[in-house]
Amino acid sequence: MEYRRSENLKDPSLNQRIITLIKNIPEGKVATYGQIATMAGNPQATRLVVWTLNSCSQKEKLPWHRVINSKGRISLKPGQGYELQKMLLQKDGIKFEEDDSIDLEKYLWSPSEIRL
DNA sequence: AACCTGACTTCGG
DNA sequence: TCCGAAGCCAGGT
């Protein structure tokens, strides 16, 4: 499936779009880095998503915990924020499998009505 | 101005 | 199937 953006928009920087998208992740849903990058218009900017989360999650007040990797697992290491993220996700109503992974089929965000 | 980095993803051996 | 290596982007140094 393709995520296209309307052409008469201004051209905010890619990371600005990334920020906007992350802000739009609804409670109870998660998105993968690659998905965010794709929606922002550049499927190959996953590293940028990482950078964006690191640099803007706090000041932009992003729901950063809703962003996970493609395997449906938290990318942070224990003691580095892993536990916090897991807690926040559970607070959102997301359940973890026995191996601590998240069922993407069930929780992956489907941005059907998002317009940038 | 060149080089490094980051919570990833994908491809090849 | 599993692990290593390369690739991608923009801001920071």
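Protein chains get the first letters and strands the later ones, always in sequence-line order, with residue 1 at the start of each. Atoms considered below: every heavy atom in the structure, side chains included; atoms not considered: hydrogens, waters and symmetry mates. Keep in mind that this is a model prediction, so the values were computed, not measured.
- Applying the 4.0 Å criterion to OP1 and OP2 of C:dA10, one finds that A:N15 has every side-chain N and O outside that range.
- Looking at heavy-atom distances under 4.0 Å, A:T46 makes contact with a base.
- Of the candidate nucleotides B:dG6, B:dT9, C:dC9, C:dC9 has the atom lying nearest to any side-chain atom of A:L14.
- Taking atom CG of residue A:L88 and atom P of nucleotide B:dA7, one finds them 18 Å apart after rounding to whole Å.
- One atom, CD1 of A:I102, and another, P of B:dA7, lie 18 Å apart when rounded to the nearest Å.
- Here CD of A:E97 is found 10.5 Å from CZ of A:R73. Values are rounded to the nearest 0.5 Å.
- For A:N54 and B:dT5, the shortest distance from a side-chain N or O to OP1 or OP2 is not below 4.0 Å.
- In this structure, A:Q44 atom CD and C:dA10 atom P are separated by 12 Å, rounded to whole Å.
- In this model, the phosphate group of B:dT9 is approached by a side-chain N or O of A:S70 to a distance below 4.0 Å at OP1 or OP2.
- Taking atom CD1 of residue A:I36 and atom P of nucleotide C:dA10, one finds them 16 Å apart after rounding to whole Å.
- Note: A:K106 NZ to A:K29 NZ = 9.5 Å, rounded to the nearest 0.5 Å.
- Whole-Å rounding puts the A:W51 CH2 to C:dG7 C1' distance at 19 Å.
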| task | I would like to know whether A:I68 and A:Y107 meet side chain to side chain contact (heavy atoms under 4.5 Å, CB included); could you show each step before the answer? | result | CA-CA 11 Å; A:I68 60 179; A:Y107 299 110; over 6 Å; no
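- Here the straight-line distance linking atom CD of A:Q35 with atom OG1 of A:T46 works out to 13.0 Å at 0.5 Å rounding.
- Residues A:R47 and A:P43 both approach DNA chain B. Their nearest nucleotides, taken by heavy-atom distance, put A:R47 toward the 5′ side.
- One interatomic measurement links the two molecules: CD1 of A:I68 to C1' of B:dT9, which rounds to 14 Å at whole-angstrom precision.
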| said: Assess the residue pair A:I22 and A:R66 against the criterion (side chain to side chain contact (heavy atoms under 4.5 Å, CB included)); give the C-alpha distance rounded to whole Å, side-chain angles, the decisive distance to 0.1 Å, and a yes or no. | reply: CA-CA 8 Å; A:I22 295 176; A:R66 300 187 185 142; over 6 Å; no
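- Between A:H65 atom NE2 and B:dA7 atom C1' the separation is 14 Å, expressed in whole Å.
- The nearest whole Å value for the distance from the CZ atom in A:R66 to the C1' atom in B:dC8 is 21 Å.
- At a cut-off of 3.5 angstrom, counting only N and O atoms as typed in the model, there is no donor on one side facing an acceptor on the other between the side-chain of A:Y82 and the base of B:dA7.
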